[in-house]
Protein chains: 2
Amino acid sequence: MEKEISQAVIRRMPRYYRYLGELLDDGVERISSNELSTRMRVTASQIRQDLNNFGGFGQQGYGYNVKYLYDEIGKILGMNQRHNIIIVGAGNLGQALANYVKFEKWGFVIIGLFDVNSALKGISVRGIEVRMMDELEEFLKKNQVDIAALTLPKEKADEVANWLVNLGIRAIWNFAHLDLELPEHVVVENVHLSDSLMQLSYNIVRTEKSKDKK
Amino acid sequence: MEKEISQAVIRRMPRYYRYLGELLDDGVERISSNELSTRMRVTASQIRQDLNNFGGFGQQGYGYNVKYLYDEIGKILGMNQRHNIIIVGAGNLGQALANYVKFEKWGFVIIGLFDVNSALKGISVRGIEVRMMDELEEFLKKNQVDIAALTLPKEKADEVANWLVNLGIRAIWNFAHLDLELPEHVVVENVHLSDSLMQLSYNIVRTEKSKDKK
DNA sequence: TAGATTGTTAATCGATTAACAATC
DNA sequence: TAGATTGTTAATCGATTAACAATC
């Protein structure tokens, strides 16, 4: 039986991937868990434990080959395959995501942009034309869509998400400020910007308080 | 000595706040940890433990008063005070954030928008004019800025962040795809969209694999 | 008073760190 | 071969869950 890998580990993988990418760009050929731990400010033990969840990528006495490890983590994260994305909700955030070219470097390609607002009909963002929601069903039949990014008001999000799932969508990148209620087989990744801002605010308040104490 | 509250707890606080806000909107007056645990799909024990890090907000035999608890968590998160924000980097993401009116509901007010790109000079987003970076120092002298949101390419982010800190900024909401190297007293909250997308991708790949197994 | 539900202590579980034998 | 560093087991630490006495 497959051992389930904890979300704590998975959250760290993109960060390893990022650091290895930078090392690669800098022309570094090999690195030890110890050297990497110093750069990333984590323990070497954690790095080795994390990686060994997926396999033994290193070599005793040598360390890790940067290029090899980068590619392997890439595979683990699915960076070796293309992911077609549609953005549902073509407001500011939706358009900002559509404009974000960097994602394509990792194989995430935005192939559609949808909205209910007919004022947006016909406008294009980086060559991607905004379509109306009633064209979505047809679009999903003709195109393989791997991920739907939800950038719409929370009032509509749950309904739209369920509708998308019924049409066959299996993965949702949710920017709406609510917890979606979806069948278990659907993969959901949340980006709650206001939660993030509140955490920041908490830490500001906390810092101010500890200053008062001194 | 003040006991340090773990980041795991802090990450959950905005979610409690959100659920309580919804209950409040629905006119619910009181709620037990048990009832709330069912809605939020966490254990009642965790809810009580989390809250008791900050104080005893409930009453035996009664539960929690929704309005009171909502306000108290609001205070913990600093939602009772105004936070002035500047956005540094007026590209798509920066403009999207500037357009996001919802933040003001929680007291986060965007008071400035800065960029190096002179092509953007003079344009306005929701009444906030884009200023050039060389006006920033003067702006910080004249206005109280609590948070700087960094929405610029990672190549510039570290330099700009350090410069901002030297000018007195104490909190940074970082959207650039790198880890900022800043003095310890500076509070940083990261939003790494590509990390989030990679986590989603990992979970898609994982789901596909477990399907193959069956 | 009896019932309900908190606040809090104790038990369990999981994640992180340390240690070291295996091995390149 | 000697030195370095991994992979992995064992120890520790912290976070979550369970249990229950306190109390409204």
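All values derive from a computational prediction rather than experimental measurement. To find a chain, count down the sequence lines: A is the first, B the second, and so on, and within it residues start at 1.
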Q. B/Glu72 CD to C/dG7 P: how many Å, rounded?
A. 12 Å
Q) Taking A/Ile172 as the fixed residue, which of A/Val160, A/Val187, A/Leu182, A/Val88 is the one that meets the side-chain contact (heavy atoms from CB on, under 4.5 Å) rule? A) A/Leu182
Q.
Looking at C/dC24, I'd like to know if its phosphate oxygens (OP1 or OP2) sit under 4.0 Å from a side-chain N or O belonging to A/Tyr64.
A. no
Q | Within residues 27-60 of chain A, residues whose heavy atoms come under 4.0 Å of DNA chain D | A | A/Ser32, A/Ser33, A/Arg48, A/Gln49, A/Asn52, A/Gly56, A/Phe57, A/Gly58, A/Gln59, A/Gln60
Q | A/Arg30 NZ/CZ over A/Tyr62 ring centroid, <6.0 Å and within 45° of normal | A | yes
(Q) Looking at A/Lys75 and A/Glu72, is there a salt bridge between them, counting it only when a charged N and a carboxylate O are closer than 4.0 Å? (A) yes
Q. So which one's nearest nucleotide on DNA chain C is more toward 5', B/Tyr62 or A/Ala8?
A. B/Tyr62
Q: Could you label the plane-to-plane angle of the B/His83 and B/Phe108 rings as parallel, tilted or perpendicular, counting under 30° as parallel and over 60° as perpendicular?
A: parallel
Q | A/Tyr70 and A/Tyr17 aromatic ring geometry - parallel, tilted or perpendicular at 30°/60° bounds | A | parallel
Q | Separation of atom CZ in A/Arg11 from atom C1' in C/dA15, rounded to whole Å | A | 12 Å
Q. With side chains defined as the heavy atoms from C-beta onward, is the minimum distance between A/Val66 and A/Glu29 less than 4.5 Å?
A. no
Q) For the pair made of CD1 in A/Ile5 and C1' in C/dA15, what is the distance, rounded to whole Å? A) 14 Å
Q. Can you give the dot-bracket line for DNA chain D, where a pair is Watson-Crick or G-U wobble with both atom distances under 3.5 Å, crossing pairs use [ ], and | marks a partner on another strand?
A. ..||||||||||||||||||||||
Q) Has B/Arg39 got its NZ or CZ under 6.0 Å from the middle of the six-membered ring of B/Tyr19, at an angle within 45 degrees of the ring axis? A) no
Q. Looking at CG of A/Asn203 and CD of B/Gln7, how far apart are the two atoms once the value is rounded to the nearest 0.5 Å?
A. 5.0 Å
